[in-house]
Amino acid sequence: MHSESAAHLDAWQHDHRFGLHRRKSAESRTKLVVGITLATMVGEIVAGLAFGSMALLADGLHMGSHALALGISALAYVWMRRRAGDAAFTFGTGKIAALGGYTGAMLLLVPVAFMVWESTLKLITPVEIAYGPALAVAVAGLVINAVCAVILSRGGHDHGHDHGHSHDHGHAHAHQPQESQAHESEDLNLRSALVHVMADALTSVLAIAALLGGRFYGWSWLDPVMGLVGAAVIVVWARGLIFGSGRVLLDFAAPEDIREKIRRVIETDSDARLADLHVWSIGPGIYAAALSLVTHQPQEPDHYKRLLPKSLGVRHVTVEVHACPDAAA
């Protein structure tokens, strides 16, 4: 009897995958960058050992930490996709992207600490620099990171189509058939991978400038100063990524413009007024919303859900409808 009742509810039940079970182009591009980084790491370590170059060996080991951070981003995509249908995730696996972004941002601070320490020591006690090999390593690193940055930033938007049903019992949960608005600018996991690549490219640019200044003008102090400048810039980038991903992980309210658009479309329908509104991110460009509204002319919850523009990316909606008996309200 219980199984028959459950079967009758199928038309109103839905999953919470939100299209995240489909492989995204960002995942493939991140994996490609991980492969390039690992190949570069192995090549530099082997060359450093073969030719006795500490510069090559050091950069190879640095690329190893870089590969680890990028590998975490790739793993986050795989985990998010493979567990997309797991009912243990109340609102789907979209926040794994934010978790990957947060972890990547924290890992950015590890080389920053090393950069500050080494730069400070070199300012206090200058050391002789082998400008030729160091310049070659810096230029090679810049080229590789430029290629990786292009790979990560190229490609179109990933779209998914999910269809669901609503519950018309005063409280309603809906998955409207609409395109996913998971724009890559909102994908904190991809942003983390790109920031790692850009941070590495920045250090290469600053290193090249410092090495050229030291080689042709004798400004040996420029190398550690550029190291400190690079560390400061990376801290700013990491801070932005930490705050952005942290807001998602802690269920901060969605951007004001999204909340205002929801309020506007609901309150321009008849005499409806929102008594309570909560909107929060549950994935890259994917939002959940809980609305409580009061009106003299109550409609079915589906009516209000259909008012929400698809472009907002609100994929999971809960609606409470209250009839207001007070004519003066």
Side-chain angles (χ1 to χ4, degrees), residues 11-27 77 80-81 84-85 89-98 155-191 244 247-248 251-270 272-293 295 297-321:
W12 289 272
Q13 293 176 336
H14 45 259
D15 61 41
H16 291 75
R17 295 182 298 176
F18 307 115
L20 296 172
H21 61 292
R22 299 185 178 92
R23 188 186 298 272
K24 311 297 183 184
S25 64
E27 177 184 338
Y77 279 122
M80 183 168 61
R81 173 169 51 83
F89 294 88
T90 304
F91 287 102
T93 56
K95 285 192 178 183
I96 292 176
H157 302 313
D158 295 315
H159 297 289
H161 300 268
D162 279 346
H163 300 270
H165 304 274
S166 61
H167 304 279
D168 301 326
H169 306 298
H171 288 67
H173 301 272
H175 298 270
Q176 300 184 35
Q178 56 185 273
E179 287 191 347
S180 169
Q181 300 299 313
H183 300 306
E184 291 171 349
S185 61
E186 299 171 299
D187 186 340
L188 292 164
N189 192 44
L190 182 64
R191 181 179 162 192
R247 289 176 66 89
V248 175
D251 290 331
F252 268 52
E256 179 67 22
D257 64 321
I258 293 179
R259 287 178 284 147
E260 276 305 307
K261 286 177 181 177
I262 293 175
R263 183 178 296 278
R264 191 179 308 123
V265 297
I266 295 296
E267 294 193 344
T268 53
D269 181 73
S270 185
R273 292 294 180 268
L274 279 173
D276 201 13
L277 172 63
H278 299 283
V279 190
W280 65 100
S281 175
I282 56 174
I286 305 172
Y287 297 94
L291 320 177
S292 178
L293 60 94
T295 177
Q297 303 168 13
Q299 303 288 331
E300 292 295 317
D302 267 348
H303 168 78
Y304 301 100
K305 284 175 275 183
R306 284 192 293 266
L307 296 175
L308 301 180
K310 296 179 180 180
S311 60
L312 294 182
V314 181
R315 305 292 300 278
H316 191 291
V317 186
T318 302
V319 179
E320 277 187 357
V321 182

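Nothing here was measured: the structure is a model prediction, and the numbers come from that model.
Between the NZ atom in K305 and the CD1 atom in I266 there is a gap of 11.0 Å [rounded to 0.5 Å]. Atom-to-atom distance recorded for D257:CG and L312:CG is 8.0 Å, nearest 0.5 angstrom. Taken to the nearest 0.5 Å, the CG atom of D251 stands 8.5 Å off from the CZ atom of F91. Taking CG of L274 as the start and CD of E320 as the end, the distance is 11.5 Å to the nearest 0.5 Å. For the atom pair CZ (R263) and CZ (R273), the distance works out to 10.0 Å, reported to the nearest 0.5 Å. The CG atom of N189 lies 6.5 Å from the CE atom of M80; values are rounded to the nearest 0.5 Å.
Closest non-hydrogen pair, A84 versus T93, comes out as CA-OG1, 3.6 Å. Closest of all the heavy-atom pairs between R23 and R81 is NH1-NH2, 3.4 Å. Of all the heavy atoms in A253 and R247, the pair that sits closest is O-NH2, 4.0 Å.
For K261, there are no salt bridge (charged side-chain N to carboxylate O under 4.0 Å, His left out) partners two or more places apart in sequence or in a different chain. Looking at residues two or more places apart in sequence or on another chain, you find no salt bridge (charged side-chain N to carboxylate O under 4.0 Å, His left out) involving D269.
Side-chain atoms of Q299 do not come within 3.5 Å of backbone N or O of Y304 as any donor-acceptor pair.
Using a 4.5 Å cut-off on side-chain heavy atoms (C-beta onward), R191 and D187 make no contact.
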Less than 3.5 Å apart, which donor and acceptor atoms pair up between the side chains of residues 277-286 and the rest of the protein, not counting sequence neighbours?
| from | atom 1 | to | atom 2 | distance (Å) |
| --- | --- | --- | --- | --- |
| H278 | NE2 | D276 | OD1 | 3.2 |
| H278 | NE2 | D276 | OD2 | 3.2 |
| S281 | OG | G283 | O | 3.2 |

